[in-house]
Amino acid sequence: MLTTQEQLKYSRQIMMKKIGESGQLALRNAKVLILGVGGLGNPASLYLAAAGVGTLYIADGDTIEPSNLPRQILFSENNVEENKAECAAEKLSEQYPDTIIEAIDDMLDEELCDYYLPMVDVVLDCSDNIQTRYMINQACIQHKTPLIVGAATGFDGQQLTIDPRDEHSACYQCLFPASEKAPANNCQTIGIIGPILAMIAGMQALQTIKLLTNNKVQVNQLNMLDGLSNQWQQFSMKKQANCPVCGSR
Amino acid sequence: MINVVFFAALREQLDCDSLTLESHELSTVADIIKQLSARSEQWQQTLNNASLLSAVNHDMVDKSHPVKAGDEVAFFPPVTGG
Ligand SMILES: [Zn+2]
């Protein structure tokens, strides 16, 4: 049951038929892991904590640098050199005391995934490199944990939802088969502007809320944002039968 | 005619958002890549990157997928930053 205080606080969400009191309860009981608290993880964690998600695990091994500040909106000048996950956890806890926030001051590896994934309902991939993306994809397939992928560089963003509980859901490896030449495009090489990250992180937070409140979530759909022309494009994809990660073995 | 569109970093690398090609002599996505690669070293390098993704009429497909007149063929890279 929600308390009277919670009913008031979350009333604008509860009044939406697709959420309702049961949805709000589901959010309160949910445990969500956010991998990476950079440009995507910052707004995604803010929105999920604000919406009343009960427990957030936030993982990042990096420290805050001055060049992060124009887009990593939880952090300020005097946080430079602090660990991102710990700093974000501290700020989020202060702003959203209803949410339990646990910082993991390390980039997740397979061992940490084996520990955390069985505890969580969904994972957000907010990482900044393809090796981590392949790793978390594989771990989520293995643990049958839904994965909400977001990525952005320059004026461009991509978002993809993977639900390993659905036998038809394609995975990250189906979309981007590992090639020897991993793309070198990242925020260090081609730059990034904050609002693109906010839009993609907003999509990730929205998919997460839909999934947790038992609404339909679109799998097998690559959402692509072109921030220069204001266009969203949807591309449909299929699970690859021969995928080394999610294919039938 | 086949409508070819480019997204994300490809637009800057090729300095091109979209173009149209005569459809005869083009039977697969790979044929389009081959024809466009002849334009310059830059096109050759950009379109033959192993991680290049392609879609026909908004369905993600591999390079052997057939194309026909009226199709929209899209090329884009994986975005991995965050
Ligand atoms: Zn797969």
Side-chain angles (χ1 to χ4, degrees), chain A residues 35-36 38-41 44 124-133 149-159 170 172 174-192 196-197 200-201 204 220-222 224-226 228-229 231 233-238 240, chain B residues 1-21 28-30 32-34 36-37 41-68 70-82:
Chain A
L35 172 54
L40 292 167
L124 277 72
D125 178 359
C126 297
S127 66
D128 62 358
N129 67 86
I130 201 157
Q131 287 77 20
T132 304
R133 294 181 181 284
V149 179
T153 42
F155 282 98
D156 305 299
Q158 291 177 349
Q159 195 275 319
Y172 191 77
C174 292
L175 178 65
F176 302 140
S179 62
E180 270 101 84
K181 277 204 249 163
N185 295 341
N186 57 41
C187 297
Q188 280 88 50
T189 57
I190 48 181
I192 182 70
I196 297 288
L197 292 155
I200 297 297
Q204 287 179 279
N220 295 353
Q221 180 187 71
L222 176 67
M224 202 157 76
L225 168 68
D226 176 352
L228 274 181
S229 64
Q231 286 178 325
Q233 304 269 343
Q234 272 84 37
F235 294 97
S236 59
M237 50 185 286
K238 286 198 184 85
Q240 301 294 311
Chain B
M1 302 286 266
I2 292 172
N3 196 25
V4 183
V5 292
F6 304 101
F7 292 107
L10 292 192
R11 289 184 164 180
E12 253 173 70
Q13 286 161 12
L14 300 173
D15 194 22
C16 179
D17 290 359
S18 66
L19 53 84
T20 50
L21 294 174
T28 64
V29 173
I32 294 177
I33 293 174
K34 197 173 164 202
L36 293 175
S37 294
E41 182 76 25
Q42 180 68 47
W43 285 73
Q44 150 77 25
Q45 270 181 18
T46 305
L47 295 181
N48 291 279
N49 187 318
S51 60
L52 182 80
L53 299 168
S54 48
V56 174
N57 302 329
H58 287 250
D59 285 333
M60 307 271 309
V61 296
D62 61 35
K63 311 291 185 289
S64 61
H65 195 273
V67 293
K68 58 178 190 316
D71 280 350
E72 181 186 89
V73 180
F75 293 107
F76 47 92
V79 172
T80 61

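In what follows, every heavy atom counts, from backbone to side chain, and hydrogens, waters and symmetry copies are set aside. Sequence lines set the chain letters: A, B, ... in the order given, protein chains first and strands last, and positions in each chain run from 1.
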Examine whether an atom of [X] lies under 4.5 Å from a heavy atom of chain B, and if so say whether it belongs to the side chain, the backbone or both; otherwise answer neither.
{"X": "A:L175", "result": "both"}
{"X": "A:T132", "result": "neither"}
{"X": "A:D226", "result": "side chain"}

Practice task
State whether the number of non-hydrogen atoms from other residues, nucleotides or ligands found under 6.0 Å of B:E12 atom CD is greater than 12.
Solution key: no

Distance (rounded to the nearest 0.5 Å) between [X] [atom1] and [Y] [atom2]:
{"X": "A:Q240", "Y": "B:D62", "atom1": "CD", "atom2": "CG", "result": "7.5 Å"}
{"X": "A:M224", "Y": "B:H58", "atom1": "CE", "atom2": "NE2", "result": "9.0 Å"}
{"X": "A:N220", "Y": "B:D59", "atom1": "CG", "atom2": "CG", "result": "11.0 Å"}

Problem - Listed partners of A:K238 passing side-chain contact (heavy atoms from CB on, under 4.5 Å), at least two apart - result: none

Completion exercise
Closest heavy-atom pair, B:A9 versus A:D156, reported as atoms and distance to 0.1 Å, is N-OD2, 3.7 Å

Handout entry: Closest non-hydrogen atom pair, A:Y172 against B:V79
Key = OH-O, 4.3 Å

Problem - Check: B:P77 main-chain N/O paired with A:Q158 side-chain donor or acceptor under 3.5 Å - result: yes

Problem - Heavy-atom pairs under 4.5 Å with chain B, option from A:R133, A:Q234, A:M237 with the top count - result: A:R133

Exercise for the section: Please state whether the rings of B:F7 and A:F235 are parallel, tilted or perpendicular, taking 30° and 60° as the class boundaries. Expected result: perpendicular

